[in-house]
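A short write-up of the structure that comes next.
We name chains A, B, ... by the order of the sequence lines, and we start the count at 1 in each one.
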Amino acid sequence: MAEALSFDVAIVGGGPAGQAAAIQLAGHGLSIAVVDEQARPGGQILRQPPRAFRVAHWLAGRSYRALHAQFAAFEALPVTWLGGHSVLDAAPGRLLLHGPDGAVSVTARRILIAAGCQDLAVPIPGWTLPGVYSAGGVQAMVKSQQIVPGARVLLAGTHPLQLVIAEQIVRGGGTVAGVLFAQSRAAMLAPMLRDPAAAFRRATDLLAGQAALATLRRAGVPVRYGVGLTALRGSDWVSEAITTDGTIACDAVGLCYGFVPQSGLPRMLGAEVVQAGPAGGWRCVHDEWMRTSVAGVFAAGETTGVAGAAAAAAGGALAGIGIARDLGSLAPDAAERAAAAPRRVLARHRRFAALLDAIADPRGHFPALEPETLVCRCEDVPHAALCAEVATGASANAIKRATRCGMGLCQGRNCEPSLLRMIAAPDPGFTARFPARPVTIGDLAGD
Amino acid sequence: MSAIRIDDDVQRGTPIRILVDGAPIACFEGETIATAMLAADRLAFRQDTRGAGRGMFCNMGSCCECMVTLVGSGRRVRACLADARDGMEVSTRG
């Protein structure tokens, strides 16, 4: 293994939160590394096209404007960009990474985890057929690789983001077979009527949703409410979706039931997490400077709760200010003054996020599973095997040992929320284990 | 069925070619192995224990469902994170 790289601050995640933190930290003479699995910064929201591509008018919409500006500011910073690197292990003051040249050890006086979120993986009969994706996965194909994954793409679930994804597919010249919301339209509107002020403050997003609906209407895309997905069928790949209101022919499906924080690294560090929103998952707890319960470790962005890019950027800025203050680069009173604005923005956007959570609440809309439906995709553990173990009153960790659910390459990222829904009693979930990402023994040994 | 490359306003990298299970696939510099495969209607990246073909799921490195083997080095890589390189040989058979 190469000699350890040493920095004042190591930031995990090059999305809005990580970028905002780096921007705040710059100019204090601190050495900063930013680690990301993607080759280029941007996170999932601004998932960059490859450098070899030229994409005119890329993500030109109004809702992306602030993110483009932040990206440009970040790109101009003198930070060490460790793109294409995965975090395998995390401890206070230390990260173990895996990149193109094998394992890399990094030490840092402060660590910021801004690892973002992921789609809630929702099992449904047929969901392991090729051509079935998380909706975020479909969107990333469109944004970054400029590819629409099928000739007739179906989006289904409960989250309004599927309107935006469908619009991006249509604008890219693709065909959307339909957008299905399992909940009724009235159920989606009710939360907005309960907190119109919160809704109004994020008018840009609401307008984007309205514009998306108009585009879909012009393109003849059926947008339906109160229609749930029951099963996906096909032989070599998905070819039709069975819904509560008939069958839809399609050759790609994006499942869109919500998002959960990427909680693996905070949990590996021993940082306190609590249950996230109605979609499930765990969010990292933090104080007024975005410090976690572990000394020297900060968290920001959707690792601390899924609330959108603006909230992530505000949390990241606050973490950057907090770290500079912690390292003595910023006087406490100056930090307090600098923190006021991002704190206001964060609180405002979290209020909207609560509203969005209520609109998109997937509970009560999860598809019923067949006994042989695989819940754990990595280890091929069917629903029936989990039912049998859950009936014994076993914990998630005990069920993991008994069935191998959560023991595979994804380390339970996909199956844990499903299993915890099955376990009625409070359960801390799977213990986060090394390595967080797949790696060969040879790479760890430095061969 | 087929995935479509978006053409409007998009200029891709140099045309290259990779081999997937011995079959040549035309693609472009900058594309991931996953994109090259999807665009060539190769949706299965591996087989599960029941012998069923399994596709990529998350496209962001989390789910590891798109792991393929690079012939030669024997390295297992997530096809959604790994760039296609001219002449690269990929196996979906573990």
Side-chain angles (χ1 to χ4, degrees), chain A residues 37-39 44 47 49-58 84 86 116 118-119 121 127-134 136-142 144-152 171-174 236-239 251-252 262 374 377-380 408-411 413-414 437-438 440, chain B residues 1-16 27-67 73-78 80-85 92:
Chain A
E37 290 197 297
Q38 295 296 323
Q44 297 303 323
R47 178 92 167 248
R51 282 202 184 278
F53 283 30
R54 291 283 171 277
V55 184
H57 319 299
W58 180 71
S86 302
Q118 65 171 60
D119 293 74
W127 78 311
T128 53
L129 283 166
V132 180
Y133 306 101
S134 68
V138 171
Q139 190 184 31
M141 283 186 237
V142 177
S144 170
Q145 293 275 308
Q146 299 289 312
I147 184 173
V148 177
R152 286 177 59 79
R171 285 188 185 280
D236 288 340
W237 53 68
V238 65
S239 56
D251 55 14
Q262 293 266 14
L374 298 184
R377 296 176 66 104
C378 300
E379 294 288 341
D380 296 354
L409 293 178
C410 92
Q411 290 276 8
R413 284 176 181 84
N414 285 326
R437 296 291 200 224
T440 64
Chain B
M1 81 132 307
S2 63
I4 57 160
R5 286 187 172 92
I6 299 169
D7 275 334
D8 280 359
D9 298 330
V10 182
Q11 202 183 320
R12 295 188 158 72
T14 315
I16 57 172
C27 52
F28 297 92
E29 188 196 343
E31 291 187 339
T32 61
I33 295 172
T35 295
M37 288 176 62
L38 294 184
D41 279 353
R42 299 195 67 113
L43 274 69
F45 290 72
R46 67 180 183 97
Q47 287 197 329
D48 67 19
T49 52
R50 307 183 295 189
R54 291 283 284 271
M56 174 175 78
F57 184 64
C58 82
N59 188 30
M60 60 180 273
S62 280
C63 77
C64 303
E65 286 279 66
C66 65
M67 274 201 124
S73 69
R75 293 187 88 80
R76 304 267 294 146
V77 297
R78 287 168 278 175
C80 73
L81 289 177
D83 287 347
R85 308 223 183 261
T92 64

* **Reported CD-to-CZ distance for the pair Q146(A) and R12(B), which is rounded to 0.5 angstrom** => 6.5 Å
* Portion of I4(B) that has a non-hydrogen atom of chain A nearer than 4.5 angstrom -> both
* To do: Check whether R78(B) gets within reach of chain A through its side chain, its backbone, both or neither, counting any heavy atom under 4.5 Å.
  => side chain
* **Residue, of T440(A), V148(A), L409(A), that accumulates the most heavy atom pairs under 4.5 Å with chain B** => V148(A)
* Engaged part of D236(A) at the chain B interface, taking heavy atoms whose separation is under 4.5 Å -> neither
* Structure fact -> Heaviest contributor of heavy-atom pairs below 4.5 Å to chain A, chosen from A82(B), G53(B), C63(B), S62(B), is S62(B)
* Between CG on residue D83(B) and OG1 on residue T35(B), distance to nearest 0.5 Å -> 9.5 Å
* **Among the listed options T32(B), D8(B), V77(B), the residue most often paired with chain A at heavy-atom distances under 4.5 Å** => T32(B)
* Any pair with a residue in residues 31-50 of chain B that passes ring pair (Phe, Tyr, Trp, His ring centres under 6.0 Å), sequence neighbours left out, goes on the list, sorted by first then second residue, please. => none
* Structure fact -> Pair count under 4.5 Å, heavy atoms only, with chain A: among M67(B), E29(B), E31(B), Q11(B), highest is Q11(B)
* Considering only heavy atoms and a distance below 4.5 Å, find which of E37(A), R51(A), R413(A) pairs most often with chain B. => E37(A)
* Main-chain N/O of A121(A) paired to N414(A) side chain as donor or acceptor, under 3.5 Å -> no
* Okay, side chain of D9(B), backbone of V55(A): is any donor-acceptor separation there less than 3.5 Å? -> no
* To do: Against chain B, label R437(A) side chain, backbone, both or neither, depending on which of its atoms sit under 4.5 Å from a heavy atom there.
  => side chain
* To do: Working to the nearest 0.5 Å, report the span between OG of S86(A) and CD of Q38(A).
  => 9.5 Å
* Spell out, as yes or no, whether a donor-acceptor pair under 3.5 Å connects the side chain of W127(A) to the backbone of L374(A). => yes
* **Most contacts with chain B, counted as non-hydrogen pairs under 4.5 angstrom, among T128(A), L129(A), V238(A), V132(A)** => T128(A)
* Given that the side chain runs from C-beta out, which part of A140(A) has a heavy atom under 4.5 Å from chain B: side chain, backbone, both or neither? -> both
* Toward chain A, the part of A52(B) with a non-hydrogen atom under 4.5 Å -> neither
* Asked: Distance from M60(B) atom CE to Q262(A) atom CD, nearest 0.5 Å?
  -> 4.5 Å
* side chain to side chain contact (heavy atoms under 4.5 Å, CB included) involving R46(B) - partner list, sequence neighbours excluded -> D48(B), R54(B), E65(B)
* Under 4.5 Å from a heavy atom of chain B, the part of R47(A) involved -> side chain
* **Toward chain B, the part of Q145(A) with a non-hydrogen atom under 4.5 Å** => both
* Give the member of G137(A), P130(A), S144(A), P50(A) that has the highest number of heavy-atom pairs under 4.5 Å with chain B. => P130(A)
* Roughly how far, to the nearest 0.5 Å, is OG of S134(A) from CE of M56(B)? -> 8.5 Å
